[in-house]
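FYI, side chains are in, hydrogens and waters are out, and symmetry mates aren't considered; it's all heavy atoms of this structure.
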Amino acid sequence: MKALALGADKAVHLKCDRIPDDPGSAAKVLANELKATEFDVLLFGKKGVDDDNQQVGPMIAELLGVPCVTQIVKLEISDGKAVAHREVEGGSITVETTLPAAFTAEKDLTVPRYASLRELVAARKKPIVVKDVQLPPSRLEIVSIQYPPPHPPGKIVGKGVDAVPSLVKLLHEEAKVI
C-alpha cells in the first residue's frame with residue numbers, strides 16, 4: 001500500500017502455502033511473474049532480514065537474462081543506460097550498464113519520502129492483484145536449528161579507578177586479550 005501511495009502503478013501480491021526454504025525457490029517464483037512484465041529497472045534490497053543470504057536479486061537477474069549490479073549506493077539513469085556506484089574498501093567502483101537491469105541497494109541508496117494523506121487515500125483505491133503460486137521443490141534441507149550457547153555471566157571487578165588494576169589483570173591472565 002505504501003509503494004502505491006508513493007507512485008507505484010500497480011501491485012501484485014504472490015501468495016503461497018509456505019515460506020520458501022531457499023532463495024532459489026523465491027527467485028524462480030518472482031522471475032516467472034516478472035517475465036510477463038515490461039521493466040527498465042529491478043531494484044532489490046541488499047539482503048533479507050530472515051536468512052541474510054544476498055542471493056534473490058542476482059538470481060532473478062540471471063533467470064531473466066538481465067545484468068545485475070549489487071550493493072549500490074548511488075544510481076543514475078538516462079538514455080537507456082544506468083551508472084551505478086558501489087563503495088568498496090578504500091574507494092569506489094562505477095559500473096555502467098544498459099537497461100533493463102537489476103540492482104541490489106545498500107540501505108543508504110535513498111530515504112523514501114513520506115506519503116501525504118491524499119496519496120495514502122488514493123492508494124486504497126488502486127487494486128492489488130492477488131495470485132496464488134506454487135513454490136518449486138526446495139533444493140535445501142534444513143537439518144536443525146538451534147540457539148547459540150548462552151554467554152557466560154559477566155564479572156564486576158570493582159568500582160571507579162580502583163578497579164582498573166584488577167580489570168587489567170583479568171584481561172591479561174583470563175581473557176588473554178592484552
Side-chain angles (χ1 to χ4, degrees), residues 1-89 91-138 140 142 145:
M1 194 66 73
K2 185 176 179 182
L4 291 170
L6 291 175
D9 295 326
K10 71 176 191 173
V12 178
H13 180 182
L14 302 178
K15 290 176 61 174
C16 61
D17 59 346
R18 63 185 170 88
I19 296 172
D21 293 332
D22 66 314
S25 296
K28 286 176 185 172
V29 168
L30 291 168
N32 286 337
E33 179 65 28
L34 289 167
K35 283 180 182 175
T37 306
E38 189 174 322
F39 59 87
D40 290 326
V41 173
L42 294 175
L43 191 59
F44 299 97
K46 174 182 163 184
K47 57 186 175 183
V49 295
D50 49 1
D51 49 15
D52 212 22
N53 65 34
Q54 304 181 4
Q55 297 175 355
V56 175
M59 284 180 168
I60 291 172
E62 179 67 23
L63 292 168
L64 296 174
V66 298
C68 181
V69 183
T70 58
Q71 298 176 313
I72 64 169
V73 294
K74 184 178 177 185
L75 180 62
E76 301 158 358
I77 298 174
S78 64
D79 300 327
K81 291 187 179 185
V83 178
H85 303 271
R86 301 179 67 199
E87 289 181 352
V88 294
E89 189 174 334
S92 65
I93 297 174
T94 302
V95 179
E96 184 176 317
T97 186
T98 58
L99 298 178
F103 303 92
T104 68
E106 290 285 339
K107 68 178 183 176
D108 298 331
L109 178 66
T110 186
V111 177
R113 65 178 175 80
Y114 289 104
S116 69
L117 181 59
R118 184 173 159 221
E119 291 169 323
L120 290 168
V121 171
R124 290 177 174 248
K125 296 177 183 173
K126 294 180 180 180
I128 297 176
V129 178
V130 178
K131 295 183 179 180
D132 289 318
V133 295
Q134 292 293 91
L135 287 173
S138 177
L140 295 178
I142 297 174
I145 297 175

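The side-chain heavy atoms of V69 and P67, taken from C-beta on, include no pair separated by under 4.5 Å. By the 4.5 Å heavy-atom criterion applied to side chains, K126 and I128 are not counted as neighbours. Put simply, the side chain of F103 reaches to within 4.5 Å of the side chain of T97, judged on heavy atoms. Side-chain contact between K28 and M59: absent, with no pair of heavy atoms (C-beta onward) separated by less than 4.5 Å. The closest side-chain heavy-atom distance from T37 to V12 is not below 4.5 Å.
Heavy-atom contacts from other residues, nucleotides or ligands closer than 6.0 Å to CZ of R18 number more than 12. Environment of OH in Y114: sparse, with no more than 12 heavy atoms of neighbouring residues, nucleotides or ligands closer than 6.0 Å. Other residues, nucleotides and ligands place no more than 12 heavy atoms under 6.0 Å from the CG atom of D79.
When all heavy atoms of H85 and T94 are compared, the closest pair comes out as ND1-OG1, 3.2 Å. Residue A26 comes nearest to P20 through the heavy atom pair CB-CG, 4.0 Å, listed as atom of the first residue, atom of the second, then distance. Minimum heavy-atom separation, P136 to V29: CD-CG2, 3.8 Å. For the residue pair L14 and E33, the shortest heavy atom distance occurs at CD2-OE1, 3.9 Å. Of all the heavy atoms in A105 and L43, the pair that sits closest is CB-CD1, 4.2 Å.
The side-chain hydrogen bond (donor to acceptor under 3.5 Å, both in side chains) search around Q55 returns none, not counting sequence neighbours.
Judged purely by atom type and a 3.5 angstrom limit, K10 has no side-chain atom pairing as donor or acceptor with the backbone of V129. Side-chain atoms of T104 come within 3.5 Å of backbone N or O of Q71 as a donor-acceptor pair.
Interatomic distance, OG1 of T70 versus CD of E106, reported as 9.0 Å (0.5 Å rounding). Here R124 contributes atom CZ and E119 contributes atom CD; the two are 14.0 Å apart, rounded to the nearest 0.5 Å. Remark: E76 CD to K74 NZ distance equals 4.5 Å, nearest 0.5 Å.
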